[in-house]
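Each residue takes its place number in the sequence, starting with 1. Fair warning: this is a prediction, and the values are worked out from it, not measured in the lab.
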Amino acid sequence: MSTSDSPLLVVGLGNPGPTYAGTRHNAGVALIDELCSRATPMPAQLAVHKRTNTEVAELAAGRLLPDRQVILARTRAFMNVSGGPIKALADYFRVPPSNLYVAYDELDLELGQVKLRTGGGDHGHNGLKSVTKSLGGKPYHKLALGIGRPPGRMAPANYVLKPFSSREQVDLSIAAADAADLWRRSV
């Protein structure tokens with residue numbers, strides 16, 4: 001199967017469960033929710049994929065992109081060990097790293113900013129470290145959703161686990177839509 005015949009895999013990084021649902025660390029999952037809402041003829045629904053410890057929506061060509069199958073996913077593992085489930089997904093669906101897009105929260109971008117890059121470092125992000133290690137260092141696409149820096153002397157580890165305020169949730173929704181548009185233009 002060539003790279004152009006292989007599906008595209010888009011994974012949103014985050015922590016599982018309702019405790020973490022609205023936190024900054026789950027900004028990557030907001031992109032998956034946005035892409036699910038854009039699927040036609042009706043929104044896509046994620047379902048548990050037990051073999052890979054993920055939640056997946058398999059979208060046939062035409063549902064999100066005119067001529068490409070797209071797999072949308074989020075892991076059911078914690079952020080710092082998300083690489084294993086993502087590697088399992090890529091193997092299961094036969095997706096090469098060049099067709100993998102990983103959405104994540106980025107401290108070095110202001111809330112609302114988005115950025116897409118291929119390869120490069122992990123910027124200290126433990127989820128990306130786990131993915132890169134699991135893929136054997138092969139380059140993949142990283143789609144950053146900015147969450148900004150913590151205020152004052154707050155530790156980044158505490159900041160990323162804080163929920164978004166009501167106003168920030170609006171900004172996150174706009175950023176997720178912008179990230180979806182950016183992803184769409186890149187494929």
Side-chain angles (χ1 to χ4, degrees), residues 1-16 25-36 38-39 44 46-61 63-109 113-146 175-176 178-187:
M1 183 181 291
S2 74
T3 303
S4 61
D5 294 336
S6 169
L8 297 176
L9 174 58
V10 186
V11 182
L13 293 184
N15 285 320
H25 228 6
N26 279 30
V29 173
L31 171 65
I32 300 306
D33 294 341
E34 174 66 24
L35 289 173
C36 282
R38 292 183 180 198
L46 297 172
V48 173
H49 192 261
K50 291 181 182 176
R51 284 187 132 162
T52 59
N53 196 27
T54 61
E55 295 175 3
V56 171
E58 295 181 57
L59 304 179
R63 290 218 44 214
L64 196 58
L65 295 175
D67 54 0
R68 290 297 288 275
Q69 178 186 11
V70 178
I71 311 296
L72 302 176
R74 65 179 176 217
T75 69
R76 297 171 69 207
F78 282 93
M79 176 74 74
N80 297 353
V81 293
S82 54
I86 291 173
K87 170 84 166 87
L89 262 178
D91 290 348
Y92 183 84
F93 288 106
R94 297 186 183 132
V95 175
S98 59
N99 285 0
L100 172 62
Y101 294 80
V102 176
Y104 69 99
D105 57 298
E106 176 60 68
L107 289 166
D108 290 330
L109 293 175
Q113 292 182 316
V114 297
K115 183 177 180 180
L116 177 64
R117 62 191 172 92
T118 302
D122 54 47
H123 294 196
H125 194 285
N126 290 328
L128 292 180
K129 282 180 188 174
S130 177
V131 173
T132 300
K133 181 179 179 186
S134 292
L135 295 176
K138 294 180 180 134
Y140 58 95
H141 306 284
K142 299 168 181 140
L143 187 49
L145 284 84
D178 290 347
D181 293 343
L182 179 61
W183 171 78
R184 178 71 174 86
R185 286 191 305 273
S186 77
V187 294

Give the minimum heavy-atom separation between [X] and [Y], together with the two atoms involved.
X: Ala176; Y: Ala30; answer: CB-O, 3.7 Å
X: Ile32; Y: Val10; answer: CD1-O, 3.4 Å
X: Pro96; Y: Ser6; answer: CD-OG, 3.1 Å
X: Gly84; Y: Ser134; answer: N-OG, 3.3 Å
X: Arg94; Y: Pro7; answer: O-CD, 4.4 Å
X: Ala103; Y: Leu145; answer: CB-CD1, 4.2 Å

Examine distances only and state if a side-chain atom of [X] and a backbone atom of [Y] form a donor-acceptor pair shorter than 3.5 Å.
X: His141; Y: Val102; result: no
X: Asn15; Y: Met79; result: yes
X: Ser130; Y: Gly127; result: no
X: Lys115; Y: Glu106; result: no

Problem set entry | Sole candidate of Val131, Ile86, Leu89 that passes side-chain contact (heavy atoms from CB on, under 4.5 Å) when paired with Thr75 | Ile86
Problem set entry | Identified side-chain contact (heavy atoms from CB on, under 4.5 Å) counterpart of Tyr101 within the set Leu9, Leu143, Leu116, Leu72 |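 With Tyr101 as partner, side-chain contact (heavy atoms from CB on, under 4.5 Å) holds for just one option, Leu116.
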Exercise. Mind checking whether Val56 and Ile71 have side chains closer than 4.5 Å, heavy atoms only?
Worked result: yes
For this session: Would you kindly check if the NZ (Lys) or CZ (Arg) of Lys138 is within the cone defined by 45 degrees around the ring axis of Tyr140 and under 6.0 Å from the six-membered ring centre?
Result: no
Problem set entry | Stepwise side-chain contact (heavy atoms from CB on, under 4.5 Å) test for Leu128 and Lys142 | CA-CA 8 Å; Leu128 292 180; Lys142 299 168 181 140; 4.2 Å; yes
Exercise. Which residue pairs satisfy the side chain to side chain donor-acceptor pair (under 3.5 Å) criterion with at least one member in residues 47-59, sequence neighbours excluded?
Worked result: His49-Thr52, Thr52-Thr54, Glu55-Arg74
For this session: Using the test salt bridge (charged side-chain N to carboxylate O under 4.0 Å, His left out), find all partners of Arg184 that sit at least two apart in sequence or belong to another chain.
Result: none
Seminar exercise, completed: Residue set satisfying salt bridge (charged side-chain N to carboxylate O under 4.0 Å, His left out) with Lys129, at least two apart, ordered chain then number -> none
Problem set entry | Salt-bridge criterion met for Arg185 and Asp181 (N-O under 4.0 Å) |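 Salt bridge flag = no for Asp181 with Arg185.
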Exercise. Can you list the steps and then say if Val114 with Trp183 is a side-chain contact (heavy atoms from CB on, under 4.5 Å)?
Worked result: CA-CA 10 Å; Val114 297; Trp183 171 78; over 6 Å; no
For this session: Test side-chain contact (heavy atoms from CB on, under 4.5 Å) on Leu100 and Leu135 and set out the steps.
Result: CA-CA 11 Å; Leu100 172 62; Leu135 295 176; 3.6 Å; yes
Exercise. Measuring from Asn126:CG to Ser82:OG, what's the distance to the nearest 0.5 Å?
Worked result: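 Going from the CG atom of Asn126 to the OG atom of Ser82 covers 9.5 Å.
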For this session: Anything under 30° is parallel, anything over 60° is perpendicular, the rest tilted; go ahead and classify His125 against Tyr104.
Result: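 Perpendicular: the ring planes of His125 and Tyr104 meet at over 60°.
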